[in-house]
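Supplied in structure tokens, the structure appears directly below.
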Amino acid sequence: MESASITKVGHDLKLAEIVLGRRGIVLRNASFDTMIASYLLNPGRRDHTLETVAFEYLKERLTTATEAAGGDKEAKAHPLIEAAPSRIAPYLCQRADAILKLADLLPSLLDGQGLTPLFNDLEMPLVPVLAEIERNGVKIDADLLSEISKELDAKLVELTERIYRLAGEEFNIGSPKQLAEILFVKLGLPPIRKTKTGYSTDEEVLTQLAVRHELPAEILNSRQLMKLKSTYVDALPKLIHPETGRVHTQLNQTIAATGRLSSKDPNLQNIPIKGELGRRIRQAFIAEPGYQLLSADYNQIELRLLAHMSEDPVLIESFRTGEDVHTRTAIQLFGLPKQEISSEMRRVAKTVNFGIIYGISPFGLASNLGVSQTEAKRYIDRYFENYQGVQRFIDQMLETATQQGYVTTLFGRRRHIAELSSRNTQTRGLGERLAVNTPLQGTAADIIKKAMIDIHRWMQEAQVKSRMILQVHDELIFEVPESEIPLMKEKVKEKMEGVIQLKAPLTVDIGVAANWAEAH
DNA sequence: CACTAGTGCAA
DNA sequence: TATTGCACTAGTG
């Protein structure tokens, strides 16, 4: 937190903190307190973020103050404003003042909802851990990315020529509008689906069209290369900090409605992994000489939480014996012994398992599996016959959510679900899926946050040279000196698995390598 | 420069 | 008509 130049400066609350900090005014705790408390009190409600709360408070306060001062709209008499060193500072100081006031107000609100332990023992202790991750940054192999970029350039030139030839004219391949004109008007291909503004040209549509014409297939190839090139290969080197030679993401603690973190500038939580190209991009995330990257990820954490929270005996047993949970589901779904389960059956079972976590519907599963809705419904019915505990869990979540208006995680985090009381069928359906998904995704977020705090605390006590450098929802990544690898492997695994004792125990897989692709 | 739409990357 | 995010390009104002 102390080296402000590369830590959370993107956030204007943090900027206020720096401005005021130079004047010797201690604001840090109050600003984070308030931001996080507002988040815990209003998760998922974008209209009630700290922004809104602070501005509403400010408006009122300024009106009162200016009236008392005889109507001077600038409210320049405030001591914090007078201390301000720049033009932007008055605004920030006013907000800072509102934040300080709110900080007095929020503890009793938190207490009233039983959120004090989550606040004191999880979110606040996490703040310095996140600040340190941001400050540490990640080393990028800019030379490798530059090499990949040149390769992609050459491929794209070739692809583009080919596309223009197949289309019979030149056009902007990146424009869905122009592409639709070519595909559905000029070439007369059947429009599969509409968007708000025209015909859809997304991956699913182009894949269907690919059986009738060569052009859609080449568009898909081109799209993939352009996507990865512009979003990752060319963008990441630009974000390397000139002083540290590393990229320093911002981890936002108060965005996701479920309690997850989010990452931006750059977003290091959506770095490609699939396919040859994705793999090569991950190879550009490297450790310093003498160091290795250590990746530790929770194995099937959300399904394990489903097993624990539903107390479903079949699911729990599956995890306790350490068998492959998707194969187990396939055995249940198809009523066949293990040796007769094909990889196709396992794939179906895996999709069904994911579907359960997201709050399944026959329509959704059907479109995902590419089978009829009737067929999808058979899978779902069959699933619930075999996992009756899961059925009860879902019913219970829906009942609780309807009754209370919110659901909770194992750690007591709340999410209000206004969608459930909507008269709109689709909105209500969304509410039902949120009621099932949020306790699972949110508890997983709670658990890894606790692990981060515990590991960070231990790392300080043990005075290791290893550094925590990234969190990707169910994975932690460390940069570890060669000599500390055995110790870190043991301790990280122990701390992550030891966060909470579940009926389906948490297990952590660890990999070590010179780059992120090999470590994962 | 701010904004939306369409698209697609991750867990 | 499957959950949570962030960010790219095109296009508009």
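Worth knowing before you read on, the calculation uses all heavy atoms, side chains too, and leaves out hydrogens, waters and symmetry mates. Below, chains carry the letters A, B, ... as their sequence lines are ordered, and counting in each starts from 1. Please read these numbers as outputs of a predicted model, since none were measured by experiment.
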Q. So, is Arg260(A) near the phosphate of dG5(C), with a side-chain N or O under 4.0 Å from OP1 or OP2?
A. no

Q) OP1 or OP2 of dC6(C) sitting under 4.0 Å from any side-chain N/O of Thr231(A)? A)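 So the side chain of Thr231(A) is outside the cut-off, no N or O lying under 4.0 Å from OP1 or OP2 of dC6(C).
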
Q. Does the side chain of Lys274(A) get closer than 4.0 angstrom to OP1 or OP2 of dA10(B) through an N or O atom?
A. yes

Q: May I ask you to say whether Lys449(A) pairs ionically with Glu123(A), meaning some side-chain N is under 4.0 Å from a carboxylate O?
A: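 So Lys449(A) pairs with Glu123(A) through a salt bridge.
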
Q.
Using OP1 and OP2 only, check whether a side-chain N or O of Ser200(A) sits under 4.0 Å from dT7(B).
A.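 Yes, within the criterion.
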
(Q) Taking donor-acceptor contacts at under 3.5 Å, does the side chain of Asn267(A) reach the base of dC6(C)? (A)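 It does not, because no donor-acceptor pair links the side chain of Asn267(A) to the base of dC6(C) below 3.5 Å.
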
Q: Say whether Asn368(A) and Thr351(A), considering side chains only, have a donor N or O and an acceptor N or O under 3.5 Å apart.
A: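 Note: Asn368(A) and Thr351(A) side chains miss the donor-acceptor criterion.
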
Q. Under the 3.5 Å rule, do the base of dA10(C) and the side chain of Asn172(A) count as making a donor-acceptor pair?
A.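 Result: no qualifying N/O pair found.
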
Q.
Counting only side-chain nitrogens and oxygens, does Gln178(A) get under 4.0 Å of the OP1 or OP2 atom of dG11(C)?
A.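 The answer is yes; a side-chain N or O of Gln178(A) sits under 4.0 Å from OP1 or OP2.
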
Q. With under 30° as parallel and over 60° as perpendicular, where do the rings of His326(A) and Phe354(A) fit, or are they tilted in between?
A. parallel

Q. Which whole number of Å gives the distance between the C1' atom of dT4(B) and that of dA2(C)?
A. 24 Å

(Q) Can you see if the side chain of Thr197(A) gets near the phosphate of dA5(B) - specifically, an N or O under 4.0 Å from OP1 or OP2? (A)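 No, because none of the side-chain N or O atoms of Thr197(A) sits under 4.0 Å from OP1 or OP2 of dA5(B).
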
Q. Are Gln283(A) and Glu518(A) linked by a side-chain donor-acceptor pair shorter than 3.5 Å?
A.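 Indeed, the side chains of Gln283(A) and Glu518(A) share at least one donor-acceptor pair under 3.5 Å.
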
Q | Any Arg223(A) side-chain N or O less than 4.0 Å from OP1/OP2 of dT9(C) | A |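 Checking Arg223(A) against dT9(C): no side-chain N or O falls below 4.0 Å of OP1 or OP2.
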
Q. Which one, dC6(C), dG8(B), dT3(C), comes nearest to the side chain of Ile255(A)?
A.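 Minimum distance to the Ile255(A) side chain belongs to dC6(C).
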
Q.
Would the base of dT3(C) count as contacting Gln441(A) through its side chain, where contact means a donor and an acceptor less than 3.5 Å apart?
A. yes

**Q.** Leu434(A) vs Phe363(A), nearer the 5' end of DNA chain C by closest nucleotide
**A.**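 Whichever sits nearer the 5' end wins; that is Phe363(A).
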
Q. Below 4.0 angstrom from OP1 or OP2 of dG11(C), is there any side-chain N or O of Ser175(A)?
A.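 Answer is yes, contact under 4.0 Å.
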
Q) Is the shortest distance from a Lys or Arg side-chain nitrogen in Glu158(A) or Lys155(A) to a carboxylate oxygen in the other one below 4.0 Å? A)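 Salt bridge between Glu158(A) and Lys155(A), a charged N being under 4.0 Å from a carboxylate O: no.
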
Q. Does Ser367(A) put a side-chain nitrogen or oxygen below 4.0 Å from OP1 or OP2 of dT1(C)?
A. no

